[in-house]
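Letters A, B, ... are given to chains in the order of the sequence lines, protein chains preceding strands, and every chain is numbered from 1. Just so it is clear, the model here is predicted, and its values are computed rather than measured.
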Number of protein chains: 4
Amino acid sequence: MNRKAFQHRQIAPKALSDIEKPELDTKVFGIDLKTPVMMAPAAAQGLSHSKGETDTAKGIAAVGGLMAQSTYSSTSIADTAAAAPDAPQFFQLYMSKDWDFNEYLLDEAKKANVKAIILTVDGYRESDIINNFAFPLPMANLASYSDGDGKGKGIAEIYASAAQKIGPDDVRRIKEYSGLPVIVKGVQTPEDAIRAITAGAEGIYVSNHGGRQLNGGPASFDVLEVVAKAVNGRVPIIFDSGIRRGSDVFKALASGADLVAFARPVLYGLALGGAEGVQSVFEHIDNELEIIMQLAGAKTIADVKKTNLLNIKY
Amino acid sequence: MNRKAFQHRQIAPKALSDIEKPELDTKVFGIDLKTPVMMAPAAAQGLSHSKGETDTAKGIAAVGGLMAQSTYSSTSIADTAAAAPDAPQFFQLYMSKDWDFNEYLLDEAKKANVKAIILTVDGYRESDIINNFAFPLPMANLASYSDGDGKGKGIAEIYASAAQKIGPDDVRRIKEYSGLPVIVKGVQTPEDAIRAITAGAEGIYVSNHGGRQLNGGPASFDVLEVVAKAVNGRVPIIFDSGIRRGSDVFKALASGADLVAFARPVLYGLALGGAEGVQSVFEHIDNELEIIMQLAGAKTIADVKKTNLLNIKY
Amino acid sequence: MNRKAFQHRQIAPKALSDIEKPELDTKVFGIDLKTPVMMAPAAAQGLSHSKGETDTAKGIAAVGGLMAQSTYSSTSIADTAAAAPDAPQFFQLYMSKDWDFNEYLLDEAKKANVKAIILTVDGYRESDIINNFAFPLPMANLASYSDGDGKGKGIAEIYASAAQKIGPDDVRRIKEYSGLPVIVKGVQTPEDAIRAITAGAEGIYVSNHGGRQLNGGPASFDVLEVVAKAVNGRVPIIFDSGIRRGSDVFKALASGADLVAFARPVLYGLALGGAEGVQSVFEHIDNELEIIMQLAGAKTIADVKKTNLLNIKY
Amino acid sequence: MNRKAFQHRQIAPKALSDIEKPELDTKVFGIDLKTPVMMAPAAAQGLSHSKGETDTAKGIAAVGGLMAQSTYSSTSIADTAAAAPDAPQFFQLYMSKDWDFNEYLLDEAKKANVKAIILTVDGYRESDIINNFAFPLPMANLASYSDGDGKGKGIAEIYASAAQKIGPDDVRRIKEYSGLPVIVKGVQTPEDAIRAITAGAEGIYVSNHGGRQLNGGPASFDVLEVVAKAVNGRVPIIFDSGIRRGSDVFKALASGADLVAFARPVLYGLALGGAEGVQSVFEHIDNELEIIMQLAGAKTIADVKKTNLLNIKY
């Protein structure tokens, strides 16, 4: 459904637009980026490649893009950050019921110089339950925490104790503790966006977790425009869920997103070629985006954001 | 078509809702229930399991839900009631042209302490006719009636003599004779709901009999909202037809239903595990409903009923 | 597409309607009929059964329905009429460029006591041309004409000389010559209906020839309602194209048709069982219509015509 | 998607229209044509037949239609023109970054007496890149240019150097240099049409290059009507993309096109039968168009253009 939603809007070509080489540079959250396409905070990338998130970070750094680490990464916050020391990274927090663990993660993230915290407010995986999925690999951030003091909790226990009850106070608490901007991930309605901003969020992340989350929910792209209208430029918007092509990126930007994240194709690239594979996937989608921009007469990302999409019903 | 209709509405997730454990308790028709999901009055459950309706009753009682017996049950009203003596049950009446038989059934229902009569006002099965279907098992309520006095009518004859002509007077007559609330089942339009309430019905059951009824009719879910608006809270609404997932239950409640019934998945559970199988199916759909409620920010069934669904056209 | 169009409207069931046995009787063009379902003027029924149209006429007469003969019948006007002497029949005219042949046909029709002339104003068959179809059997009305005077034209020649240019004057000329009511067949727009009535037509036949006609045209059922509004009861409306079930008949009547014609299922019945097969097909669709009428709370065909269909978009 | 779009409009049949033989003659760009269906400027027709564009030109000349040559033709401008010396031809220019080459092509086109220049303003082929497609045959116009002066550029180099940056100034420059009307091809929006006309274009060519161009763009037929409204008769409109049947041609003309181009079916005809195959394909689509015109009550192409299509949603 996430994929199909992109067909609800169409890009009008623009002839005689005198554009030769579009520019993908953008500046979001005060960070200069060479592409608006970023890495979504996918968990356990060791499942794709033995080097895991460290190679992903290197690949993205090579294209000047933004990396988002996951709480449940295969490599530690510090190692992933060290793999690409000059490149910007975000850290995504699955909040634990164990606040000490949250503090440990935020401390590590600050030490690693991440630029923002992405607070994920959803977290259910029906297909993982049906498939009885269990992570075959250790998750570095959890292992280092519980091994660290010897009397900590076991990995499985911590994972099971991810907080189900998350509210505006948690946004404030994380922001205060870390001193970093908090981006709320999993927003699908204007009401949620406003509640998050009121609670102090400095970014909105529109996502339905690749559609794996709420059975019976809407496609993420279908709600982006209305959420963006409610946000009305007050904070930047990140979008993911279903992004595969440069045309999807174009449509998401034109519908209100400032950054567009994806993960699945990147993980394929990681599996096939490590850091080079990741770099190749980002270069390919950037190239697709450039071609679309040229055909649509948009010279810059700012032009893309001003584009009116067509809305032809099929 | 009943299944597809649920895609006409979508559930918006609600982030930062501070909800940990939703509550499924509800009170309908003055009865305290632990779940809004009930058993639809499916006939001949002996086809699924040798213990038939008695095991279904036990399974539902274990989750604190509501059982609806069918006129054409494999086990008798008394036996099904006795299988779960403390659990609430309804009795569904297929009205016979033979009023003595109707009185016999209502007498048995009263003796069994059922809480309400569901009067089914439709009753055609095209596929049963095409398949030349014949019940391979006796139907307990019919057998006990005709065997009882030795001069009664044969089973086939009674079944064939189900009343085709049903009107408001029948609602009144059943209500007066039984002294029990009457719920009219098979309603699909506001006009029918109002006619039923005017005739004294104390509940409306929106159903198209699993879509097997009127060739060319609408999907049941597609008419629920408009019927509920006409009923306007005067009497409770039961909904069935096409329910398979917790998200369907959520959408039906949010569209105006007070109770949501299903049968097919329950019969699969009954066939595979008797009373435990039934219990397992109800626990599963309750669990799905809880997850949806948490993601949608609804703490109680009353919250679910106040939820506005999205209406994105695909 | 003709079939799919019926899904654009839905029949609302009506509970508590106190209806036992609906009545299919109707009176159209001053003729008393036992069913609103009639035989469409299908050509060359000898392809289905050796007795051809004579057996069709007998089968329809047995259910009290109306038969429409085709110019290109396998049996002659006189023989088909004589097969069911007391039953009403219409004659459908494919106008020839050879006016003598038209007069011959109208003379034969009058002698056979037909009640009305159906003037078909379309006549292209792409698939017949692609398949290089040739009638393997003689067409009785053509054979008797050309054999009659020994100097007549060959069958192929006459068939090829069907008039392509048909206008309002032809309606008037046929009406005057025959003294019979003329029904214009092939109408799909309000403009055409009004033009036909202005030219003296006493009936409108909404049809797209089973969809075989105009590549890129609308489904016939989709235009019925708007044509019926333009006709506004001034003359009766016959509808065909895509009728297979009793629910289709109900929807066509509720959308403005006075008679509903079909042919394909009848020809299957004719092939399998001659007159009895035809009778069986009509009895089956009448039975389906009765069940729908009962469930929809319509006691008479007049009630059906007053029914408001639902219009739920899928 | 281009094909499916034609189902968004339907042709209403018109009965009693008194039309025998429709007329396909039309006059566009001051040129008398026997059919509104023209040959789109398809490249490299030597891939279909050894005689390439020269046979296509002969086949179209035989039906009195219009031929559009492509820059990347298998036969030279002069040879293709000489194959049908009395028939009208257009020349389609893929603008090169090498202006000398553009001048060479325009010089050749003028010498060959073409009536207009079609300036194609798009030019990306994703599937050709995926398939690693390389032209197995020389392209005559490029070969003659580079061979001509012995110091020209190689074919691959020229092809790669097709201008990506095209603007209004290019329209003016080509018009001034050639003295011929310029038609801008690849227009999909009213804004582009107006920009092109303002730049001096004397024709608008609505096309999405058979859908191979902009990933995520609209179907070409879906935008034709709104572009035609913006053009408002100031210059003629050519339409292509997805044309296969006479009904498609009818719908495009009724939606605002003055000429309707296609290529794929013509190339099949060319492959199977050379000039005769081409002629046969044009005769077939003309015949389909005539039948549609007769059924829809349109005697002339002007009548077709005045026809209101139906707009029934499915």
In Å and rounded to the nearest 0.5 Å, what is the [atom1] to [atom2] distance from [X] to [Y]?
{"X": "K14(A)", "Y": "Q188(D)", "atom1": "NZ", "atom2": "CD", "result": "15.0 Å"}
{"X": "D192(D)", "Y": "S17(A)", "atom1": "CG", "atom2": "OG", "result": "8.0 Å"}
{"X": "I166(D)", "Y": "Q294(A)", "atom1": "CD1", "atom2": "CD", "result": "9.0 Å"}

- Smallest separation among heavy atoms of P168(D) and D18(A), with atom names: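 Smallest heavy-atom distance, with atoms named: CD-OD2, 3.9 Å.
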Option from L309(A), N311(A), I11(A), L310(A) for which side-chain contact (heavy atoms from CB on, under 4.5 Å) with P218(D) holds: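 So, applying the side-chain contact (heavy atoms from CB on, under 4.5 Å) to P218(D) and each of L309(A), N311(A), I11(A), L310(A), only L310(A) qualifies.
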### Task
Please report the C-alpha distance between V184(D) and L16(A) in whole Å, then the side-chain angles of each, then the deciding distance to 0.1 Å, and finally whether the side-chain contact (heavy atoms from CB on, under 4.5 Å) criterion is met.
CA-CA 9 Å; V184(D) 174; L16(A) 303 176; 4.3 Å; yes
| query | When you look at CD of E276(A), are more than 12 heavy atoms from neighbouring residues, nucleotides or ligands closer to it than 6.0 Å? | reply |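 Result for CD/E276(A): open.
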NZ/K299(A): more than 12 non-hydrogen atoms of other groups inside 6.0 Å: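 More than 12 within 6.0 Å, yes.
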